[in-house]
Each structure stands twice: as structure tokens, then as C-alpha cells.
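Numbers restart at 1 for each chain; the letters A, B, ... are given by sequence-line order, proteins then strands.
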Amino acid sequence: MASERYNAPVREKHWQQVWTENGTFRTNEKSKKPKRYQLEMFPYPSGRIHMGHVRCYTLGDVMARYMRAKGYNVLHPMGWDAFGLPAENAAMERKVHPRQWTQENIDTMRAQLKAMGLSIDWEREFATCNPDYYVHQQRLFLDFLKKKLAYRKTAKVNWDPVEKTVLANEQVIDGRGWRSGASVEQRDLTQWFFKITEYAEELLSALDTLEATWPDFVCTQQRNWIGKSTGANMRFALDGGKLPKKLAALDVFTTRHDTIFGASFMAISPEHPLAQHLAAKNEALAAFIEECRRIGTTEEALARAEKKGFDTGIVAVHPFKPDVKLPVYVANFIVMGYGTGAIFGCPGHDQRDLDFARKYGRPVVPVVLPPGADPNTFSIGAEAYVGDGTMINSEFLDGLTIEAAKDKIADLLEERGIGERKVNYRMRDWLLSRQRYWGCPIPVIHCDKDGIVPVPVAELPVKLPEDVTFDKPGNPLDHHPTWKHVPCPKCGQPAVRETDTMDTFVDSSWYQFRYTAPNAPTPTDKKALKYWAPVDQYIGGKEHAVLHLLYARFFTRGMKATRHVEIDEPFASMFTQGIVVHETYRSENGDWLTPADVRFEGDGANRKAVSAATGRPVEIGPIEKMSKSRKNVVDPDDIIAHYGADTARLFIVSDTPPDRDIIWTEAGVAGAGRQVQRISRIIDDIAARNPVKGGAPRPAAFGPEADALRRAAHKTLNSVSQNIEGLRYNVAVAQLYELTHALSGALEKSSAAAQDPAREGLDWAIREAAELYVLMIGPMLPHLAEDCWARLGYNTLLADQPWPEVEAGLLVDDQITIAVQVNGKRRDELTIARTATKAEVEAAALKLETVARALEGRPVTRVIVVPQRIVNVVG
RNA sequence: GCCCCAGUGGCGGAACCGGUAGACGCGCCAGACUCAAAAUCUGGUUCUCGCGAGGGAGUGGGGGUUCGAGUCCCUCCUGGGGCACCA
């Protein structure tokens, strides 16, 4: 009965076809089952899928298939994050239209994903670059505009003077444009923003409830990003020189208003209006400001190194001690974008202020006394004191705690009208304008008479023109001959379209809702959304911990305010997967080699690599994230063609916990491939020996062999279920392997002698265990499981089978083995009835010879018995 | 500098709520089958002392709480990630 080798590539194609023909994974919301929305971050269609995709979609698919079997109505969709710069780069480099390039990539990658055997409802697929999708995004934009969640203001941007375009921060390398190499300028341009700061407090406080189901680090990073600080605004009257009225007072934000009596100078940002005003008449100051600006964009390391200031000659009046005058400096370490761009310096209790004060000879007066310190001798040395304590040298604040002092000062500020309590956020509004072609057009028209006029909803979508060229620098939409010239919707006079397109993060901020009704005539369909939303389990990369997830959370709130959704949070539960890493290889002349170009000799410590082409030695480098530049990539297509998708999937879920980085190795893949064959063989064996389907009459009694196998199978079922639900797939796989051993052991016994009463019911138990086993591997190895299910005699689809039920009685054993410790050290073990009382366990333990020996004659002083766990004899 | 996460055999990793550390897999060693190899199967595999029975040590280092610590607390070290003059 030599079983044939399981031909995975052939069988997988077969089962994929069967699933497609049966519409197995199509979904709708007209089901009575509970819903489950499983989503993985959709891919950017860059050309071909990579192992990162394989990992992410495998992790999601295991959950989707498991939940489907558990009786949920599962939504598991796929689409394409299809706008973005690479398409325009391809257009420039290869003279291919972005749409064509994108579409070809989508077609390639869709085929690759289908070869993975994912349980996706492909009928819901969409690409964000199609007007069918972005028309709704334009509609959302207009609704946001109406609610003032979208607005325009001027902002500093990185301007590439050669390409005549705005660059993202990551496109600026050492102050130069990444493509042109030109020195990047800071320009003030009018840009579109989303008012994400409107929801700063809500986005922050809701993290408390997400904490239970989102990774800690994601919540922490979002908290830091939002950066709430509670303090006060404080107005200082200025003295000296003639200042225009609106510059006559200096507004300062501080979180340490308690330390106001320790203030010894003021500092303002080089970009502060007061600095700008003064620089107009002061060349030295202008030069200083120019120097700060240059350093700011080029050498951030240098900027960090030294605090520098420029004394303006102006002084500020201390709000509680009018005779104290504080000199106002322009200082390089004050950023305009935070607070008011101005501070009062309290060198005793802020390190930066201390560094500055020491350099410019300003007094350093401690105003907070550390607990236990002597007020007469306490002084500040090289380090500012930022800890807790009581107020000193602070007149009416003396003796108060920091908190009480803050309260008192805040009260006084408000009373006298020279300040107020203030909460500040680090987070800024979301700049969404991009001077690019391949993005969603912002649907507004600029009219000389009517200003900014929204494109009427009936005229949406504002489609991208297809006839564009990329041979000129700048935005193709801007120099298209006709596209932007339109009559004003209000007055009919000639007007121009907005030529900015949207940041691609906008596209991915609401796609999770669109999947619930991908063909709805409005952005969302109330009924479908109510049924499906929110996403129950979202899976994606750690790199999106802040921006994408925060933007999607903001969008959900914006869409609620504009009545497109009724929920606050888009993703009920979040999981971040680790990356795929691989060894790197370099030839003698330093070129990177792909794993396919390398041959290995020896193993263990003697493992060496040589070039497959030349036979010359190759250096095995560190394990790094798979990347084209390092060439340490493995093509998923090669793996699937050679071993099949199930092997790739098994490798992904074995050994490495899903949230950690996984090291891709050829040996590991081969190992997974062997497992696939092993499972196939065992099932063949069982199918041949126990041809009776699951409906065979259940024996009246089971002998010990059968009982043991049944217990093993049901215990495995129980824990595999829990481990899949907790995304501990690697542990689930290990437990399945254990059951493999139990099964093959039982098979051997069953074939040995049929008459042995110990083996009563064993054949039935083997059959049962095999069926449970095949059902359990379904989520991870869907094709193999389907194949085995058929071999076991079924003509139904395994994908349609419910997850099996555990027989609870088989989970608890009558006899259990517990450890016996003497003084906390394990000395023996004890097999005893599960229901044994503490006294019985104690008695049994004390009878053990090993215990007596370990006690070495000492009397027993105490015995700790934890029922069903352990017994510890102390003596 | 600040914040977060991680550190367990040769390797990936397991260990529920503090209760037999090292499940499972890879690798390695030995054996079976074979003319041989591949494939497959069986057994062994934390280190250390011992022929053996058995003993000792052991979860990055140090300290603590506890009958008992990989798990809790303090502290330090190493690696990874995030933020970075945020007032």
C-alpha cells in the first residue's frame, strides 16, 4: 500500500477551482449566523507579492477559515492600495502610463494571491485608483469640508526647485531632493489639511479602551504622537524698543508655571513673529535667524549639540514681580510649531534652560526643593532638578507642593486676565495635499469671485485625465492643457480646478468600510455597514502603528460626524505581525547575491556558501529584512510552484510566533514540505485500513489504547482551538504534530494484533482522531485538508464543515501525575486520583522513599499541597 | 536623552493565574531498511560530575519577596523599535 507522493501544486489548483466554482467564500449579510470581519492591510500593487504579503495574508486566512468553521459569517475581502508615487516613477522611467502599470501589477499579484488559496470573497475586490472608488472619497471630502474638518492654510513645505514639486520628508536626503539632488527650499504654500486635532482628546482617551485588544506598543506610540501636555498660557508684558501693538506682549505656553519665580530669561523661536519683526532692523539678528534655519534643515545632529541664543535687548516683565526684568533671546532650540513658540526659561528645573543659562550667564535659582534637602544649602549644579518637592524662593508659593503651586498660579493668571489653563497637543493637522498626478483629485474649484467652490456632488467624480505627460517637471495635472479650466459652478465664469491630489493615506483610511458594500451608490451602505462593522480582527505591519491606524481612527470619527458610519473605532482588535528576514550573501567583490544564486556546503559550524555560477566563496552576512537592495529575497511563486502553497503557509505558522520576526530558511521550508507529505501518508494509511466513514457504529466500550488516543485527540482539539483564537499558531502547530505521533503510534498497535482486549474500539478511535485531525489542519493547510477529507470518503467540502465539538469528559483524567518537591526542589512525582484530598496527597508524598532521603532525617515542619498541581514537603 | 518591547539548549521556540523548565520543530548523533545513496522509520540530544544508580548547576547579570520564581518587585547589562530641543 505504498502511498503516492502528494502532488501539492496539482491538487492545490484543483481545490482552488472547486472553491471558486462553488462560490465557497462569497459572503452576504443576509445570514442568521453571527458576523466576523477579518481584514489584513491591503497591498500596494508594486509588481509582485513578497514574503511579507504571504505572511500577513496567511495569518489572516487561518483566522478567517477557523471562524468560518466555528459558525461565523465571515467577511474576508481583498483590494488594492493603488495610488502612489511608484506608478509615476515607472511612468517617467519606462514611459508606461501609471494606470496601465498599476493594472498590470494588480493582475499579476491577484493571480499570486489566488495561488495561496486564501478564503477571500473576490467579488468585493476594488482598487483605490478607480473612479468607482474615489468618487466616494471625493464625496467624503466635500462632507468633511462642509463640517470644517477639511480646510486650507499656508504651511512650510519642502520644495524641490528643479522638479518644481513638494517633497515628503523622507524624500529629502541631507537637505537635497532624492531624485534631482537639488538643495531643498522651505516654502510657504497654501495646502489642504484635515482637522485631526479636533479629535486629539478623543483619539487619546479612546486608546484606554483599545488597550485590551490592541498591542501595547501601538497605543503607547499613538499616545506619544498625540502628545498631550497640560499647562498654562501666560502673557508677559514687553519693555524696550518700539513694538507694534500685537507684539507688545509675549504669550508663553508652559507646563511648569509653578516655577515662575525661578524664571531668569525668555526665549522665542527664530520663526516667531517678534523675532521676524526685530530682524528686519537688525542685521546681526537676521544673520542668526538665517543660521538657525540652515542648521535646522541640514544637520539635526548639530542642532542638538549646542543651545544658542541672540539677545534682542528687549526685556519681559515678570508677571508676579514687576521689578524683575527678563531678557528676551531668540534661541535655536525653540520650535515655532509647538505651543506659542516662546518660553520662559527656568534653569533650575529644566535641563535645556540650564544649559542655556550657564552659557549666557543668567542666574540659576532653585524653586523646588527635593524631599529631605536642606533649603539653605540646596543649589543646582550641572543638572537641573526635575523631580518632586516643595516650593522655595517663591514668595507666596513657598511650602506648597508642585501641584498646589500650579493651581495657585493658574488661578491668579485667570483672575488677572494674563493667562489661563491650557492643554497642548504635539499632534498637528494632517497635511493631505500632494502636488502629484496619481492620486485622488481634490474636488474643488477656485473662482476669482466665489473663492473655493466645491464641485457639485452630481458632477462627481472629478476624474483624472488619462492623456498626461511626465516629461516636464511639476504636477502633470497643473500643466495639462485643458483639464483644470472649468467654469465656476456658482457664477459660471472661467475658473480653475484644484490640481492637488490627496495623500494616499486618505485612500486607506476608510477602505475597511467600503468592503462592506463595495458597489453601494453612496460611500457606505447603512445596513451592510451596521451588520459588518467594525473590523473584528485587523492584521498588518508594525510600521503602520501610528499614521495609518491613527488616520483611520480619525476618519471614522469624521465619517460619524458626517453620518456615513455610526461607530467610533474602525478596528475592534489589532494584531501586528513581524517581518520576514533572511540571511544576506555577498560575493568577493562585494556584490549582493540572491539565495537562489548561492550553493551551500557542509552544515552547522562548517556551513559555507559558494556562488552557484562561479563556485567562488560567498560571505554569509547578517540576517536582515528581505529587501530588493540586499537581494535576500525569496520569490513566493518559486516556493508555491515547488512545494505548494500549503507548505509555504505551514512554514509561516510553525515555530515563530506571528508577532515576531520570522527567519526564512530553505531548511525550514523543506521541513514544512516533509510534514505535508507525512500528514498525507498517515491519512492514506488510515483511509486504507479504516475505510468506514465517521458514521460507523460507535463501540460500546473503549480499551485503554483507544481511550488514550481519544483523550489525546480531544485535548488537542481543545487547545488548538484556543491557540488559534489567541493567534498562537505556532503552538497550535506543535500540538498537531504531537497528535500526529499519537496517531501513528496507535496505527502501529492496531495492526499488531486484533484480538487484544486492550485495543477494544481502537480502530474507531483512530478513525475519529484522523477526522478531527484533518478538520483541525483545515485553517492552516486548506488544500491538503480538503484532499484528505475526500480520501477519508467524504464527498462534501471540508471548507463547509463545522469545527468539531470537544467531548468534555475526555479532557479530565481520573489519574493525574503531580510533582513532589522537598524544600522547593523536585525529587519525585506521584500518580494519584484527581479527586484525592489534600490529606491523601500529603500522606502519599510522605510515604515516598525519595522524600525521606531528601529530608536527610530532618523532621517535616510543613507540607504544602496544591490540589492537582504540586506537593512541597518542607523540613 | 526619554518611552516601549525582548533576552530560555547548537538554532526557532513552549511553559494557563507563581507550581515537574526546555513541549513541538530544525540541526546533530546512533540504529533500521538499502549493494549504495536518497526518501522513510525508530531511539537519543540543556550543561556538568559519575561506569552506574544518582548528584550538582541552570531561563542575560546581581539582589529581593515566597514553601516554591522563566513568570512578581528593585537594579544593572545587551539587542530591537519609536520619539527626539514638545517648554
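Applying the 4.0 Å criterion to OP1 and OP2 of A14(B), one finds that Asn730(A) has a side-chain N or O inside that range. Dashed line: the shortest gap from a side-chain N or O of Tyr737(A) to OP1 or OP2 of G25(B) is not under 4.0 Å. Remark: Lys422(A) is not in phosphate contact with A87(B), judged by side-chain N or O atoms under 4.0 Å from OP1 or OP2. When the side-chain nitrogen and oxygen atoms of Arg728(A) are compared with OP1 and OP2 of C16(B), none of them lie within a distance under 4.0 Å. OP1 or OP2 of C67(B) sits under 4.0 Å from a side-chain N or O of Arg862(A). The phosphate of C41(B) has neither OP1 nor OP2 within less than 4.0 Å of any side-chain N or O from Ser744(A). Neither OP1 nor OP2 of G68(B) sits under 4.0 Å from any side-chain N or O of Arg826(A). One finds a side-chain N or O of Arg827(A) lying less than 4.0 angstrom from the OP1 or OP2 phosphate oxygen of G56(B). Between His544(A) and the phosphate of G82(B), there is no side-chain N or O to OP1/OP2 separation shorter than 4.0 Å.
Residue Lys825(A) is classed as a sugar-phosphate contact, given heavy-atom separations below 4.0 Å to backbone atoms only. Counting non-hydrogen atoms under 4.0 angstrom, Thr340(A) reaches nothing in the nucleic acid. Across all strands, Val874(A) comes closer than 4.0 Å only to sugar-phosphate atoms, never to a base (heavy-atom distances). Here Gln221(A) lies in heavy-atom contact (under 4.0 Å) with sugar-phosphate atoms only. Using a 4.0 Å heavy-atom distance criterion, Gln821(A) is classed as a base contact.
Taking atom P on both A21(B) and G56(B), the two are 13 Å apart, rounded to the nearest angstrom. The gap from the P atom of G19(B) to that of U34(B) amounts to 50 Å, rounded to the nearest Å. Remark: the separation of the P atoms in G80(B) and G12(B) is 15 Å, to the nearest Å. Separation of the P atoms belonging to C77(B) and G62(B) is 15 Å when rounded to the nearest angstrom. Distance noted for atom C1' between C83(B) and A23(B): 40 Å (whole Å). Annotation: C16(B) and G70(B) have their C1' atoms spaced 14 Å apart (nearest Å). On the C1' atoms, G82(B) is 36 Å away from G27(B), given to the nearest whole Å. Going from the P atom of G60(B) to that of U78(B) covers 16 Å, rounded to whole Å.
Base-pair partner of A36(B): not found among the strands shown (Watson-Crick or G-U wobble, both distances under 3.5 Å). In this structure, G27(B) forms a base pair with U45(B), meeting either the Watson-Crick or the G-U wobble geometry with both donor-acceptor distances under 3.5 Å. Summarising the base pairing, A84(B) is matched to no nucleotide, lacking a Watson-Crick or G-U wobble pair whose two defining distances lie under 3.5 Å. Across the strands present, G79(B) finds its partner in C5(B); the criterion is a Watson-Crick or G-U wobble pair with both atom distances under 3.5 angstrom. Across every strand in view, G52(B) sits unpaired, with no contact that passes the Watson-Crick or G-U test at under 3.5 angstrom.
Rounded to an integer number of Å, the gap from CD of Glu543(A) to C1' of G80(B) is 15 Å. For the pair Glu725(A) CD and C16(B) C1', the interatomic distance rounds to 15 Å; values are reported in whole Å. Atom CD of Glu271(A) is separated from atom P of A87(B) by 18 Å (rounded to the nearest Å). For the pair Asn723(A) CG and A15(B) C1', the interatomic distance rounds to 12 Å; values are reported in whole Å. Following rounding to the nearest Å, Ile679(A) (CD1) and G25(B) (P) show an atom-to-atom distance of 12 Å. Between the CG atom of Asn823(A) and the P atom of A69(B) there is a distance of 12 Å, rounded to whole Å. As rounded to whole Å, 16 Å separates atom P of A53(B) from atom CD of Glu849(A). The distance between atom CD1 of Ile864(A) and atom C1' of G18(B), rounded to the nearest whole Å, is 13 Å.
Nearest heavy-atom pair, Asp353(A) versus Phe344(A), reported as atom, atom and distance to 0.1 Å: OD2-O, 3.9 Å. The minimum heavy-atom distance between Tyr6(A) and Ser680(A), with the atom names listed, is CB-OG, 3.4 Å.
The pair Arg630(A)-Glu583(A) fails the salt-bridge criterion, with no side-chain N (NZ, NE, NH1 or NH2) lying under 4.0 Å from an Asp/Glu carboxylate O.
At least one donor-acceptor pair under 3.5 Å links the side chain of Asn632(A) to the backbone N or O of Ser627(A).
Comparing G54(B), A87(B), A23(B) against the side chain of Arg853(A) picks out G54(B) as the nearest. The side chain of Trp225(A) sits closest to C83(B) out of A87(B), U20(B), C83(B). Between A87(B), C41(B), U20(B), one nucleotide has an atom nearer to the side chain of Ala819(A) than all others, and that is U20(B). The side chain of Arg426(A) lies closest to C83(B) when the candidates are C4(B), C83(B), U20(B).
Residues from residues 655-664 of chain A placing a heavy atom under 4.0 Å of any atom in RNA chain B, listed by number, are Asp655(A), Thr656(A), Pro657(A), Arg660(A).
With no hydrogens or angles considered, no side-chain donor-acceptor pair links Asp659(A) and Gln577(A) at under 3.5 Å. Side-chain atoms of Thr831(A) and Thr817(A) form a donor-acceptor pair, as typed in the model, at a separation below 3.5 Å. In this model, no donor atom of one side chain and acceptor atom of the other lie less than 3.5 Å apart for Thr340(A) and Asp251(A). If you check the side chains of Thr740(A) and Tyr773(A), you find a donor sitting under 3.5 Å from an acceptor.
In this model, no side-chain donor or acceptor of Arg681(A) finds a partner on the base of C41(B) within 3.5 Å.
The neighbour count for Glu543(A) CD, taken as heavy atoms of other residues, nucleotides or ligands under 6.0 Å away, is above 12. In Lys625(A), the NZ atom is not crowded: 12 or fewer heavy atoms of neighbouring residues, nucleotides or ligands sit closer than 6.0 Å.
Each of Phe217(A) and Gln675(A) has a nearest nucleotide on RNA chain B; the 5'-most of these lies closest to Phe217(A). Where Gly671(A) and Glu738(A) meet RNA chain B, the nucleotide closest to each residue was compared, and Glu738(A) sits on the side nearer the 5' end.
With ring centers used as reference points, Phe333(A) lies under 6.0 Å from Phe356(A). Note: Tyr360(A) and Tyr329(A) meet the aromatic proximity criterion, with ring centroids under 6.0 Å apart.
With a glycosidic angle more than 90° from 0, G13(B) adopts the anti conformation. In this structure, C51(B) shows a glycosidic angle more than 90 degrees from zero, which is the anti conformation.
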